[in-house]
Amino acid sequence: SPASRCATQRDPKRYSQSSPGQATTATPRAPRRNAYSPKDGGNIAAQDALSRDEAVAAVEAGRKVADEEVDGGADILIAGDLGIGNTTTATALVAALTGTEPVAAVGRGTGIDDAGWARKTAAVRDALYRARRLESDPIALLSTIGGADLAAIAGFCAQAAVRRTPVLLDGLVVTAAALVSERLAPGAKAWWQAGHRSPEPAHTLALTQLGLEPIVDLGMRLGEGTGAAVALPIVRAAVAVLSSMATFEDAGVSGPMES
């Protein structure tokens, strides 16, 4: 069974943007670890990952991290995940919220063989049966087939939108949490941009549901915020072009040349 844990922490080097198109490195700060350390999530096919109170606490932990980062001067946020088996829980959430059959949503994760894929699909199928009729209650969905990591990321994404700060989404796990976050805070997706698309079928399902187009599609499947990190320089370059590139009038360029 998947045993994902929430490991919410800060990068010791944070980046802020002091002026349009110019990135500067903020003063390094010590990493903050173990923002929330829950019990093992258990067997997704047979037991709930969290109590309702634990799910709420995890969401609040994620919201607190977003607040601290925005208060610290961050102007764009990236959430990452670190875990083994967490594409199983993420896929179950996406399938539940998109009404997708497990066989169409389950991917190979870290490269499992056919037998592993069949076991994973069966686990997601059983999880969906347990979560039936919970689509309208995101906290219940997180506590039943999610986990503290997904709940914290959902809270992080929702609070970023409340604070009017854009989030660059990473792969399947983060986007699955964002899908739940949109249920927690309808309209929050207006503040999110998909950094990349992973090969996991559930990731495409989640992006489609959110109406987001990824910046890059390079077949990356590592997680840990890497896809969003790859997309970040493209975002910064776009900001620089929009804010700093001269217009025809500024550059003294006339209209089309006459023949």
Between [X] and [Y], is there a donor-acceptor pair closer than 3.5 Å when you use the side chain of the first and the backbone of the second?
| X | Y | value |
| --- | --- | --- |
| Ser143 | Ala140 | yes |
| Trp117 | Val106 | yes |
| Gln47 | Asn43 | yes |
| Thr204 | Ala202 | no |
| Glu69 | Leu77 | no |
| Glu54 | Ala148 | no |
| Arg130 | Ile44 | yes |
| Thr226 | Gly223 | yes |
| His203 | Ser198 | yes |
| Thr175 | Leu172 | no |

Heavy atoms only: give me the nearest [X]-[Y] pair and the separation to one decimal.
| X | Y | result |
| --- | --- | --- |
| Ala194 | Leu207 | CB-CD2, 3.5 Å |
| Gly147 | Ala49 | CA-CB, 4.1 Å |
| Pro201 | Ala105 | CB-O, 3.7 Å |
| Ala160 | Ala66 | N-CB, 4.1 Å |
| Pro102 | Leu128 | CG-CD1, 3.7 Å |

Checklist entry - Lys189 and Ser181: side-chain hydrogen bond (donor to acceptor under 3.5 Å, both in side chains), yes or no, with the steps? => result CA-CA 8 Å; Lys189 64 182 180 181; Ser181 184; over 6 Å; no
Are [X] and [Y] close enough that some pair of their side-chain heavy atoms sits under 4.5 Å apart?
| X | Y | result |
| --- | --- | --- |
| Leu142 | Leu150 | yes |
| Ile215 | Val235 | yes |
| Cys157 | Trp192 | yes |
| Gln209 | Leu179 | yes |
| Val230 | Met220 | yes |

What about [X] and [Y], same hydrophobic cluster or not, with Ile/Leu/Val/Met/Phe/Trp/Tyr joined at side-chain heavy-atom distances under 4.5 Å?
| X | Y | result |
| --- | --- | --- |
| Val180 | Leu205 | yes |
| Ile234 | Leu218 | yes |
| Val94 | Ile139 | yes |
| Phe156 | Val173 | yes |
| Val124 | Val103 | yes |

Next on the checklist: Taking CD in Glu213 as the centre, count heavy atoms belonging to other residues, nucleotides or ligands within less than 6.0 Å. Is the count above 12?
Outcome noted: no
What distance do [X] atom [atom1] and [Y] atom [atom2] have between them, rounded to the nearest 0.5 Å?
| X | Y | atom1 | atom2 | value |
| --- | --- | --- | --- | --- |
| Leu168 | Trp191 | CG | CH2 | 14.5 Å |
| Leu222 | Thr110 | CG | OG1 | 11.0 Å |
| Leu93 | Ile145 | CG | CD1 | 4.5 Å |
| Thr91 | Glu200 | OG1 | CD | 5.5 Å |
| Gln193 | Leu210 | CD | CG | 11.5 Å |
| Asp67 | Arg163 | CG | CZ | 5.0 Å |

Next on the checklist: Quick check on side chain to side chain contact (heavy atoms under 4.5 Å, CB included): which of Asp170, Val167, Val59, Val174 does Ile153 satisfy it with?
Outcome noted: Val174
Item to check | Derivation of the salt bridge (charged side-chain N to carboxylate O under 4.0 Å, His left out) call for Asp137 and Arg183 | outcome: CA-CA 8 Å; Asp137 187 343; Arg183 301 295 181 101; over 6 Å; no
Checklist entry - Where do Asn86 and Asp149 land on the side-chain contact (heavy atoms from CB on, under 4.5 Å) test, with the steps shown first? => result CA-CA 9 Å; Asn86 52 6; Asp149 50 352; 4.2 Å; yes
Next on the checklist: Between Arg164 and Asp75, does the salt bridge (charged side-chain N to carboxylate O under 4.0 Å, His left out) criterion hold? Intermediate values first, please.
Outcome noted: CA-CA 9 Å; Arg164 303 175 67 83; Asp75 58 6; over 6 Å; no
Checklist entry - Any ion pair linking Asp114 and Arg108 (charged N to carboxylate O, less than 4.0 Å)? => result yes
Checklist entry - Going by atom types alone, do Thr87 and Lys120 pair a side-chain donor with an acceptor below 3.5 Å? => result yes
